[in-house]
4 protein chains.
Amino acid sequence: MTGEARRPHTGRRRNEAARRAILDVAVDLLGRPGDTPVTIDTIAAAAGVGKQTIYRWWPSKGAVLLEAMAEHAGTAIPVPDTGTLRGDLEAFLTATFRAAGERLTATVLRHSMAEAQRDPHAREQMRALIETRRRVLRGILERGRERGEVSAGSDLDLMVDQAYGVLWYRILTGHAPLDDAQAAELARALSAQAG
Amino acid sequence: MTGEARRPHTGRRRNEAARRAILDVAVDLLGRPGDTPVTIDTIAAAAGVGKQTIYRWWPSKGAVLLEAMAEHAGTAIPVPDTGTLRGDLEAFLTATFRAAGERLTATVLRHSMAEAQRDPHAREQMRALIETRRRVLRGILERGRERGEVSAGSDLDLMVDQAYGVLWYRILTGHAPLDDAQAAELARALSAQAG
Amino acid sequence: MTGEARRPHTGRRRNEAARRAILDVAVDLLGRPGDTPVTIDTIAAAAGVGKQTIYRWWPSKGAVLLEAMAEHAGTAIPVPDTGTLRGDLEAFLTATFRAAGERLTATVLRHSMAEAQRDPHAREQMRALIETRRRVLRGILERGRERGEVSAGSDLDLMVDQAYGVLWYRILTGHAPLDDAQAAELARALSAQAG
Amino acid sequence: MTGEARRPHTGRRRNEAARRAILDVAVDLLGRPGDTPVTIDTIAAAAGVGKQTIYRWWPSKGAVLLEAMAEHAGTAIPVPDTGTLRGDLEAFLTATFRAAGERLTATVLRHSMAEAQRDPHAREQMRALIETRRRVLRGILERGRERGEVSAGSDLDLMVDQAYGVLWYRILTGHAPLDDAQAAELARALSAQAG
DNA sequence: AAGTAAACGAGACGGTACGTCCTGTCTTCTT
DNA sequence: AAGAAGACAGGACGTACCGTCTCGTTTACTT
């Protein structure tokens, strides 16, 4: 007669289909070219969902957008293992730039970062997502250090920021594209800088 | 030779004091802690100005914010001439990071970049401002190349983006500060990468 | 050959306690001072009942309110028999005004009448209730007519409406109280008018 | 050089056309048969007006509705002077019943009274309107008293309520019509009661 | 000095989105 | 079955902000 932590749940359960529809629609609207404003009403209507269903699960519009972005951009970039720092960096950055440079994704990222500047909830989610991503790249650099490819004095965090900085800076300002060549050159530069 | 460009001007002239008040108030409100909403009404009221006076001279809210930001962050970083690339970079980046890292300025930059993502006018102004800044840093690198401190194959634009990328990335996400040490390390890294 | 009319009922039977709780809570909430919103959620929560239990037995919110009102105000006013029309009227109207004039009851009546204007179900129930009440008063008048106390030309329905009209008019607008003195005076007036 | 109470007004003035459109549309929607819900959005849209323009001038939906009703039902019933109480009452009540009994007006009155039960602003306006109307009828009775047609002991307020009570009671419950015959009979009854 | 043109502070306007609230229905597990 | 719990679609509420449009006033240049 042990068990005591009862009340597993009562009442209707969250509708997963609605959740999916909301996030999918959000990405879709966010990625639309032109300055289409992405509204909660618009999202709700397009997802065939009541507004309250959105606000029941997310604290604000920004939170929805950020989660949608995280799911969309969430395809984990596989951590490569080519044996050399430069190879690993090139593989990782090429995949990353390729994913982020894709028009739809880039648009989504742009607006998500903007949203994160005004909505505290979005800001928090952005911080978490950024942190996750930085950790992966930092892991690659640490492995390089273990192999002796990175000098002791190197500031790994700065290197990570140089890479992601280029990515975000270009996405936000649009002054230059993100392509494989850029990724390769950046990999070369960073591994040289490290040695 | 009567000329034609007549009608020099008639009526009241633009009130410079109002212009100043508007831009100053914009920066002030933008920099306020806690998510103070910066609206045109708020700006107009705080500047003791009618809304129409704002819209008479700027096409949109974003345009006001961007101009305010440009004026605030506009203290030109002097182009140093230390004789070496590393010295120049360190001087320039230190001054730049110091200016941008200041709390008020960083907040203004954050929100301006966000505004630039939705307001086409702001976007255009941001692009121009970014371009101006990039050109200065690129000039420093070019001078280094002329001195033979930068290898022929270096992608100067990418180097510029690595520097400004770090700056914006940190301002926007706030995961790490912008200080002199970071600037120095970045200068070291970039000059090493260049050689 | 047990016949066929089997299965008289299966499953759980209607919970009378829940019914009572719902109606009691409805009256209680309706009578609360300060514009407490009386919603289905509020009623369900306060009655410790699921919303569906309400909608299983009543077609709409208005129907619940009206039934609650009918039960609350339902204490049948005894039909008096004093021997004279004026005596009967005075007894009846005094009891009626006393009941309806009570603060809680008046508030419940007010809101029920309002609800009856928008909810068709409530409207129907209100009509039935009104009809029942009118019939009682009309009966008193008819008995007076049989006794020769009411002239042939008198419009009994109009007299009934004069009495209930005063009651509802005062409850709805609150410009004057419903008390024994008013009831007595009205009884006097109506019996004079009838003669 | 006396005058000092300056600043007559500054800024754009209230748009009278918008005010008219709002009130007209409100009456129109309120009077629609069937249980068409009357929404602020609907009113705004039909009047070609922004919602804020409504909320700038009225504190709530109910207040708009009540003012619309007051304007619509506001055609002052002329105070008759036939020389006798019964004549005056008959003239006044006939005109009043005829106006209030008209389908559109009756519907508007019904819903306004309902609104007055939940919206405090509407309630206040209703009270004022009711008071104004009662005063007029009371004036007629007072004149009758001066002529000696009303006995000293008569409760004039009660008589007023008997008349308006019948009117509202029938409008709200719809169990009997308001027509000239009813008005005449009521006039006869009240003047008899008074004597 | 009178006339004319533009800029100004004030503030109402149409429109659009926000986030909350409520209704009546549907779903899940329990009694 | 009926019940408690609670999620759902739909839709109205009242607020906030944007960019535009009057008002009446003030400041400058032109006759």
Side-chain angles (χ1 to χ4, degrees), chain A residues 6-15 17-18 37-42 44-45 47-61, chain B residues 7-15 17-18 37-42 44-45 47-62 119, chain C residues 7 9-15 17-18 37-42 44-45 47-62 119, chain D residues 7-15 17-18 37-42 44-45 47-61:
Chain A
R6 309 291 267 82
R7 215 181 90 95
H9 182 81
T10 189
R12 188 175 182 173
R13 238 66 58 73
R14 177 169 189 179
N15 181 348
V38 182
T39 306
I40 283 289
D41 290 76
T42 311
V49 140
K51 278 170 65 169
Q52 196 56 48
T53 296
I54 298 181
Y55 284 109
R56 204 185 335 269
W57 302 111
W58 289 276
S60 69
K61 188 176 75 157
Chain B
R7 221 176 78 93
H9 184 78
T10 203
R12 194 172 177 175
R13 235 68 57 73
R14 177 170 189 178
N15 181 348
V38 182
T39 66
I40 284 291
D41 291 76
T42 311
V49 139
K51 284 171 64 173
Q52 195 54 44
T53 298
I54 297 181
Y55 283 107
R56 204 182 338 263
W57 304 112
W58 290 276
S60 70
K61 188 178 79 155
D119 181 336
Chain C
R7 219 173 84 96
H9 185 80
T10 209
R12 194 171 176 177
R13 232 67 54 72
R14 177 170 186 179
N15 182 346
V38 182
T39 66
I40 285 290
D41 290 77
T42 312
V49 138
K51 285 171 64 174
Q52 194 55 43
T53 299
I54 297 180
Y55 283 108
R56 208 184 330 269
W57 303 110
W58 289 276
S60 69
K61 186 177 80 156
D119 181 336
Chain D
R7 216 181 92 94
H9 181 81
T10 188
R12 191 175 180 173
R13 239 65 59 73
R14 178 171 188 177
N15 182 347
V38 182
T39 306
I40 284 289
D41 291 77
T42 311
V49 140
K51 279 171 65 170
Q52 195 56 46
T53 297
I54 297 180
Y55 283 108
R56 208 189 327 273
W57 302 110
W58 288 277
S60 68
K61 188 176 75 155

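In what follows, chains carry the letters A, B, and so on, assigned in the order in which the sequence lines appear, proteins first and then strands, with residues in each chain numbered from 1.
Across the protein-nucleic acid pair, C:R56 atom CZ and E:dT27 atom C1' stand 12 Å apart, rounded to whole Å. As rounded to whole Å, 12 Å separates atom C1' of F:dA7 from atom CG of C:D41. Straight-line distance from the CD atom of D:Q52 to the P atom of F:dG19: 17 Å, rounded to whole Å. Rounded to whole Å, the distance from CH2 on B:W58 to C1' on E:dC8 is 14 Å. Atom C1' of nucleotide E:dC13 and atom CZ of D:R12 are separated by 5 Å, given to the nearest angstrom. Nucleotide F:dG11 holds its C1' atom 14 Å from the CD1 atom of D:I40, rounded to whole Å.
Residue D:R13 places no side-chain N or O under 4.0 Å from the OP1 or OP2 atom of F:dC21. At E:dA6, none of the side-chain N or O atoms of B:T10 fall inside 4.0 Å of OP1 or OP2 (strictly under the cut-off). Using a 4.0 Å cut-off, some side-chain N or O of C:Y55 falls inside it from OP1 or OP2 of E:dG24.
Every residue two or more places apart in sequence or in another chain was checked for a salt bridge (Lys or Arg N to Asp or Glu O under 4.0 Å) with A:K61, and none qualifies. The side chain to side chain donor-acceptor pair (under 3.5 Å) test applied to B:S60 returns B:D119, B:H121, not counting sequence neighbours.
A donor and an acceptor atom never sit less than 3.5 Å apart when one is taken from the side chain of C:K61 and the other from the base of E:dG24. No hydrogens or angles were tested; on distance alone, a donor-acceptor pair under 3.5 Å links the side chain of C:K51 to the base of E:dG24.
Comparing F:dA7, F:dA12, F:dC18 by their closest approach to the side chain of A:W57 singles out F:dA7.
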